[in-house]
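One structure is given below, encoded as structure tokens.
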Amino acid sequence: MSTMSDRYTPAEIEARWRQKWEAEGIYELDDERPGKRFYWLTMLPYPSGDLHIGHWYAMVPSDAGARFKRMTGHNVFFPIGFDAFGLPAENAAIKRNIHPREWTYANIERMRGQLKSMGAMFAWRNEVITCEPEYYKWNQWIFRKLFDMGLAYREFAPVDFCPSCNTTLAREQVVGEARLCERCDTPVVKKELNQWKLRITRYAEELLDFSGLEWPEAVRVMQTNWIGRSEGVEFEMAVEGSGQAIRVYTTRPDTIFGITFCVLSPEHPLVEELAAPAQREAVRAYREQARNRSEVERMSEARECDGVFTGAYARHPFTGKPVPIWIADYVLMGYGTGAIMAVPAHDSRDFTFAGRYRLPIVPVVRPAEEVRPGEGVRPADGARPVDAARPAAAVPGGDGAAGGAGLPYTEKEGSAMFESGPFSGLVWPESFRAVAEALEKKGTGQRSVKYRLRDWLISRQRMWGTPIPIVYCKACGTVPVPYEQLPVRLPDDAVYKPTGESPLKYHEGFLRTACPACGGPAERETDTMDTFVCSSWYMYAYLSPYWKRGQRLAPADTPWEPERGRQWLPIDQYTGGIEHAIMHLLYLRFFAYALADAGALPLRAPVRRLFNQGIILGEDNEKMSKSRGNVVNPDDIVARYGADAVRLYLMFIGPWDQGGPWNPQGIEGVVRFLHDIWYLIVRPGPAAAPANAARATELRRAVHRTLKRAGEDYQSFKYNTLIAALMVLRNQLKTCRAETEGSPAWEEAIDTLLLMMAPLAPYATEELWQRRHRGASIHVQPWPRCDPALATEARVTVIVQVNGKVRDRIELPLGTPADRMQAAALEQPKVRDALGKLAVRKVIAVENKLVNIVAG
RNA sequence: GCGAGAGUGGCGGAACCGGCAGACGCGCUGGAUUUAGGUUCCAGUACCCUCGGGUGUGGGGGUUCGAGUCCCCCCUCUCGCACCA
């Protein structure tokens, strides 16, 4: 200590304290530590090999929040781990002819060091690596559990396939209108395959319930839209000349009298049967075309809705009139019943379709105020037989001219039915209810709720993932691997070839097994699980990593120590990127429901409070990417300025949820700030001026004002304004140093400043704290107490306006009553000047703020 | 098209419930120190101006004693969803 330099040398200081904290384990999980338990979580990183500035931006402010929480008396658990399965490892393995594990663990090794340089209070002893068999055995256990509960099933169906990643994807992993792979931006293709899915749709309704969750509005809205609940009516329409009926689904039963045709999805099972002999060939050709249509074609902007008449007619449920049945690929088999009633006057897609094939357009709802009482009480004439094979002009009454301006009219709020028989005049939502009830009474329809959410496809044709614990036996069929035989391990000697196929398919040792049911020869499932399975429950695993290591698993187990779960769950604060709004955050909630129903999890809402940080952009305000050459390497900046400066700067840039561009010059400001604090403490000040009591009191007020502000800003993650407030205090300390240094006020100011800064700049504050106090770490100190009397000013500056323009300012004691303020204001010479000859009409006085004199 | 969010100096951004617009920082300008550059320190920095003041928060209207903030209309940008019946 005697040779201690007075220079600020972050590299030396940071290495020293990092070592000390680690040796003392001050950040590790400790059930016995006093204080209310608080589980603070940042999303676990993928071990890509290099820590990106984006990782810093995600984790550093999160760490600051966790540290503040600890200072305010909480027993904080802030774990970290690695989401270690995934395709990049496999690609690297092929390229270098090594095992993906080698690549992955080398990256983890490197990233651990980088993560540690951040100076975060991670509880490293609870680290979890998801590609460990002791971790993924629980993925398999959970899969098995879901299988037993009927929540995991295998289905042969059209699925999205990424030709570049050579694997199928979940619906959530297909992005945007162009339908690109979420990982590699390649357009996905449709394939029909046998795939394992998790029945997330069973929880659709519950997933819409966010009550009690402090989650950002944006996430709640996105998830709600993704789940896409709609309330409608499903009803039967008899098909003429056959015993069959088609079931259609609509959310607009009030427009039912406007039906002019029906549309089945090309894949609808009844199509073949219904098609009239004359139309059979056209129907078959269209189905063929729809099946082969590539995604690109389907999405091309020039594409219009097309379809083919089947030659069959359905009967309108109320009028009994025949309605032509078409097939068209704008109707999807995967939603509703795969069949619709088409009301072109009140649905834009039906409208386009009707326009193209010149089908009639019959309006039956319009704004309520435009519907005259008693209008159109006779049954509508909307559904006329149409010989769609001939041009519409030749169809009696089928010239589509009934439409006119203002169509399609799709508004439902405030709309009323007309020309709809007994329903005419009914206004939404009465109109919905009345038609729905009528259909229900007939016995051919019932109200029905549909969701856009699809089941989660988890099969991946990749090797570096959790093997799906299923065996296929010629005799017994699909057999789940028994709990006690888990884990099904990945082979260590798989051969990686650039064929794009999973090596598991050719690994005899893995593939060939004995059927758990009959003992006969059987084959293992070679698909692995989506890595989002790992991240759907890792937060519980952190509590007791690799629980039941080396032990046999049983159905009644819990993948983590149950007592720990009861003590520490739910996660009190979760932070991470908004890009996970749908996938990870939806799967996580689904898993919580499923695990709770399995009796494994003691709660259904796993995350109480969520915060999404923004994205840090390159200097050019663009997303960082190697191709743009605007990537900021945190290691370089740490080497130059120290981790504390990088931490401070990332939090100073702007609101955390906003992200923003990295300005390489901007960091200088926080570097100066750190230097200023450093030299205020370690170097003797200027020759002391006589101690000044008034200055000292002023300083104390500033300190407590800042303390109040800092506490508030920490809680709402407003680090940018928090740091600005600390800088203001720094400026004041520099100004008043000569007159206050050495006084109790000065000492209080310095200690308080260090404590307020500790969560932001853990290294420098620890070093300075230890130089002043020697002993327990600054990071186990309590948050300083704020004196509210000092935090508020005794006197306030009141502005005086004349007709809304500022003319003067007056200093008044806090809480001066309005009439006294008014009197004081009117006495000011400047105010008198400004008033001149004007007569005072009115005076508005707002306590502690302003006086506005209205004159004219 | 639907949904969400955002438009404030040269730049990042402040501004609680409607009450001094531009805190804090970067950059820039001038000065001091320095052989020079850098560092550091001091002063200045929204715009216009006849130095009294005037104008300013994407544009236009409105409410109010008073609007960046509230209401209506419009424009621009970012994100999410998009044949979901």
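Side chains are part of it too, since the values below use all heavy atoms of this structure and drop only hydrogens, waters and symmetry mates. Each chain gets a letter, A, B and so on, in the order its sequence line appears, and its residues count up from 1.
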Between [N] and [M], how many Å separate the two [atom1] atoms, rounded to a whole number?
N	M	atom1	result
B:C72	B:C51	P	45 Å
B:U57	B:G68	C1'	5 Å
B:G9	B:G60	P	15 Å
B:G37	B:A15	C1'	40 Å
B:C74	B:G1	P	12 Å
B:U69	B:G19	P	11 Å
B:A32	B:C26	P	22 Å
B:A14	B:C41	P	26 Å

Query raised in the report: Is the base of B:G68 syn or anti, where syn means the angle lies within 90° of 0?
Result: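 Chi for B:G68 falls in the anti range.
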
Report summary line: Regarding B:C17, purine or pyrimidine glycosidic angle vs 90° from 0 gives syn

Expressed in angstrom and rounded to an integer, what is the separation of [X] atom [atom1] from [N] atom [atom2]?
X	N	atom1	atom2	result
A:His675	B:C41	NE2	C1'	16 Å
A:Arg672	B:U39	CZ	C1'	9 Å
A:Asp6	B:U40	CG	P	16 Å
A:Gln801	B:G19	CD	C1'	7 Å
A:Tyr8	B:U39	OH	C1'	17 Å
A:Lys849	B:C65	NZ	P	19 Å
A:Ile615	B:G5	CD1	C1'	14 Å
A:Lys718	B:C16	NZ	P	8 Å

Output yes when at least one side-chain N/O atom of [X] is less than 4.0 Å from OP1 or OP2 of [N], else no.
X	N	answer
A:Arg452	B:A85	no
A:Gln658	B:A6	no
A:Asn731	B:G25	yes
A:Tyr330	B:A85	no

With a non-hydrogen cut-off below 4.0 angstrom, is [X] in contact with a base, only sugar-phosphate, or nothing?
X	answer
A:Arg730	sugar-phosphate
A:Val221	sugar-phosphate
A:Ile844	base
A:Val331	base
A:Arg841	nothing
A:Asp350	nothing
A:Ser348	nothing
A:Arg171	sugar-phosphate

Select one nucleotide: of [options], the one nearest the side-chain heavy atoms of [X].
X	options	answer
A:Pro661	B:C24, B:G27, B:G12	B:G12
A:Asp676	B:A4, B:C41, B:C24	B:C41
A:Met222	B:G80, B:G27, B:G12	B:G80
A:Gln665	B:G12, B:G27, B:G19	B:G27

Could you check whether [Y] and [X], counting side-chain N and O atoms only, form a donor-acceptor pair closer than 3.5 Å?
X	Y	value
A:Asp6	A:Tyr679	no
A:Trp456	A:Glu172	no
A:Tyr335	A:Ser230	yes

Query - 5' priority, RNA chain B, between A:Ala725 and A:Lys734 [closest heavy atom] - result: A:Ala725

Query raised in the report: For RNA chain B, whose closest nucleotide is more 5', that of A:Asn720 or that of A:Ile799?
Result: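 The residue whose closest nucleotide sits nearer the 5' end is A:Asn720.
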
For [N], give its Watson-Crick or G-U wobble partner with both distances under 3.5 Å, or none.
N	answer
B:G1	B:C81
B:C47	B:G54
B:G30	B:C42
B:G7	B:C75
B:C24	B:G12

Requested in this report: Any chance you could measure A:Gln732, atom CD, to A:Met727, atom CE, to the nearest 0.5 Å?
Outcome: 16.0 Å

Requested in this report: Measure the spacing between OG1 of A:Thr410 and CZ of A:Phe351 and express it to the nearest 0.5 Å.
Outcome: 11.0 Å

**Report entry** Intermediate values then yes/no, side-chain contact (heavy atoms from CB on, under 4.5 Å), A:Ser265 and A:Ile327
**Finding:** CA-CA 6 Å; A:Ser265 164; A:Ile327 59 169; over 6 Å; no

Query - Pair A:Phe318-A:Phe257, ring pair (Phe, Tyr, Trp, His ring centres under 6.0 Å): steps then yes or no - result: CA-CA 8 Å; A:Phe318 290 113; A:Phe257 284 81; 5.5 Å; yes

Query raised in the report: So, for A:Phe611 and A:Trp215, is the gap between ring centers shorter than 6.0 Å?
Result: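 No.
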
**Report entry** Centroid separation A:Tyr330 to A:Phe353 less than 6.0 Å
**Finding:**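 Centroid separation for A:Tyr330 and A:Phe353: below 6.0 Å.
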
